Amino acid sequence: IKLNLNDSKPPKGKLQKYDMSSEQKISSLQTLSSNSSLNVDLVTSDMPLPKESWWENSRIVSIETTGTGMSGEQNATIPNNCKTAKLISTDITELKNIPSVLENLSLEKNNSLGNLSISNQTNIKSLDLNKNDNLISVDLGTQQVLQTLNVGGSIETLTGELPELLELDVSNSNISSIDVTNAVKVKTLLANSTKISSIDATNFTSLEVINLSDCKQLSSSLDAIKL
């Protein structure tokens with residue numbers, strides 16, 4: 001079931017008459033069945049993601065949300081059954097307790113989000129951390145199933161052991177070096193418009209595509225790029 005708490009889709013030329021408050025959205029979600037046959041794709045905004053059992057155990061398998069209300073650990077909880085989460089232009093400050101079933105995570109334009117560290121191994125396959133103005137450092141620990149990673153924006157440092165990574169996009173970021181390890185399956189490396197001055201790509205043994213265009217600090221020396 002697709003559940004949209006933002007847009008009533010009024011007739012063309014008509015304004016939406018009523019916007020639900022955060023409290024009303026929470027109250028309506030609390031009435032959802034917890035039956036395992038129910039799967040909910042939720043679109044919402046301007047409401048907390050509460051660290052409460054009814055929310056954590058809800059049948060929300062996908063969530064897309066924007067706006068305020070998610071500041072602090074108690075208000076930024078992704079439900080346990082959620083496989084896809086998009087948190088865009090929110091006031092989220094941190095993200096902890098990632099559900100074991102989560103496969104796709106997008107955190108974009110969250111300007112209150114500070115340094116991000118994921119110390120536990122997750123089942124995330126796709127991770128997008130683009131355009132978060134105050135996200136400077138990302139430590140992914142060991143992620144055994146991560147396949148695509150996008151970390152553009154203000155990010156300066158990126159670390160992690162990523163043995164299943166296929167596509168790495170650090171373009172349009174402040175990164176000066178790529179410090180991921182065991183990324184032997186990477187086929188596409190996009191690092192254009194970064195602060196990279198040299199790169200040793202010999203560990204990317206499966207590499208097919210590399211983009212270093214508009215890297216203004218890239219050295220002209222013969223050993224600046226090792227393939």
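What you see is a predicted model; the values in this text were computed from it and never measured. Hydrogens, waters and symmetry mates play no part in the numbers below; they use all other heavy atoms, side chains included. For reference, positions follow the sequence shown, starting with 1.
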What I want to check is whether the side chains of D179 and T159 have a donor and an acceptor closer together than 3.5 Å. no
Side-chain heavy atoms nearer than 4.5 Å, only ILVMFWY residues, links allowed to pass through others: does that put I1 and W55 together? yes
Does the side chain of S126 come under 3.5 Å of the side chain of T148 through a donor N or O and an acceptor N or O? yes
Return the CD1 to OG1 distance between I63 and T84, rounded to the nearest 0.5 Å. 11.5 Å
Assess whether side-chain hydrogen bond (donor to acceptor under 3.5 Å, both in side chains) is satisfied between S33 and N35, documenting all intermediate values. CA-CA 5 Å; S33 170; N35 191 301; 4.9 Å; no
Is the shortest side-chain heavy-atom distance between I178 and L189 below 4.5 Å? yes
Sidechain-backbone polar pair: T66 side chain, S45 backbone, donor-acceptor under 3.5 Å: no
Is there a donor-acceptor pair closer than 3.5 Å between any side-chain N or O of N150 and the backbone N or O of G152? yes
When you measure from the side chain of T90 to the backbone N and O of I92, does any donor-acceptor pair fall under 3.5 Å? yes
If we only count heavy atoms from C-beta on, is the V184 to N203 side-chain gap below 4.5 Å? no
Between the side chain of D46 and the main-chain N/O of T68, is any donor-acceptor distance below 3.5 Å? yes
Judged by atom type as modelled, is there a donor-acceptor pair below 3.5 Å linking the side chain of D133 to the main-chain atoms of K109? no
Check Q147 against L165 and note the closest heavy-atom contact, atom names and distance. O-CD1, 3.4 Å
Quick check: do L29 and M47 have side-chain heavy atoms less than 4.5 Å from each other? yes
When you group the ILVMFWY residues by side-chain heavy-atom contacts below 4.5 Å and let the links chain together, are V40 and L102 in the same group? yes
Short side-chain to backbone donor-acceptor contact, N110 and S112, under 3.5 Å: no
Any donor-acceptor pair under 3.5 Å linking the side-chain atoms of S89 with those of E108? no
Residues which pass side chain to side chain donor-acceptor pair (under 3.5 Å) with N120, listed by chain and number, not counting sequence neighbours: none
If only atom types and distance count, is the side chain of R59 paired as donor or acceptor with the main-chain N or O of S36 below 3.5 Å? yes
Quick one: does any side-chain atom of T142 pair with a main-chain N or O of E161 as donor and acceptor, under 3.5 Å? no
Rounded to the nearest 0.5 Å, the CG atom of D41 sits from the NZ atom of K83 at a distance of 11.0 Å
Mind running side-chain contact (heavy atoms from CB on, under 4.5 Å) on D128 and L105 for me, showing each step along the way? CA-CA 6 Å; D128 190 341; L105 176 60; over 6 Å; no
Got I175 and L158 here, is their nearest side-chain heavy-atom distance under 4.5 Å? yes
Where do I199 and K226 land on the side-chain contact (heavy atoms from CB on, under 4.5 Å) test, with the steps shown first? CA-CA 6 Å; I199 185 168; K226 295 181 180 180; over 6 Å; no
Can you confirm whether more than 12 heavy atoms, excluding those of K25, are under 6.0 Å from its NZ atom? yes
Distance from I124 atom CD1 to N104 atom CG, nearest 0.5 Å? 9.0 Å
Test item: T202 side-chain N/O and L227 main-chain N/O as donor-acceptor pair under 3.5 Å: no
How about S171 and S193: do any of their side-chain heavy atoms sit closer than 4.5 Å? no
In Å, rounded to the nearest 0.5 Å, how long is the span from CG of L129 to OG of S173? 11.5 Å
For the residue pair M70 and T65, establish whether any side-chain heavy-atom pair is separated by less than 4.5 Å. yes
Side-chain touch L107/N130, heavy atoms, less than 4.5 angstrom: no
To the nearest 0.5 Å, what is the distance between CG on L127 and CD on E103? 13.5 Å
Nearest heavy atoms of P48 and N75, plus distance in Å: CB-OD1, 3.6 Å
Please determine which of S27, S22, S21 meets the side-chain contact (heavy atoms from CB on, under 4.5 Å) test together with Q24. S21
Taking atom CG of L218 and atom CG of L212, what is their separation to the nearest 0.5 Å? 6.0 Å
Flag yes if L149 and I210 sit in one hydrophobic cluster, no otherwise; membership is Ile, Leu, Val, Met, Phe, Trp, Tyr, and two members link when side-chain heavy atoms are under 4.5 Å apart. yes
Salt bridge (Lys or Arg N to Asp or Glu O under 4.0 Å) with E94: which residues, sequence neighbours excluded? K96
Classify the side-chain pair N111/N132 by whether it contains a donor and acceptor separated by less than 3.5 Å. no
Within one Ile-Leu-Val-Met-Phe-Trp-Tyr cluster: I60 and I98, side-chain cutoff 4.5 Å: yes
Is a donor on one side and an acceptor on the other found under 3.5 Å between the side chain of S198 and the backbone of A224? no
Presence of salt bridge, E167 and K187, under 4.0 angstrom: no
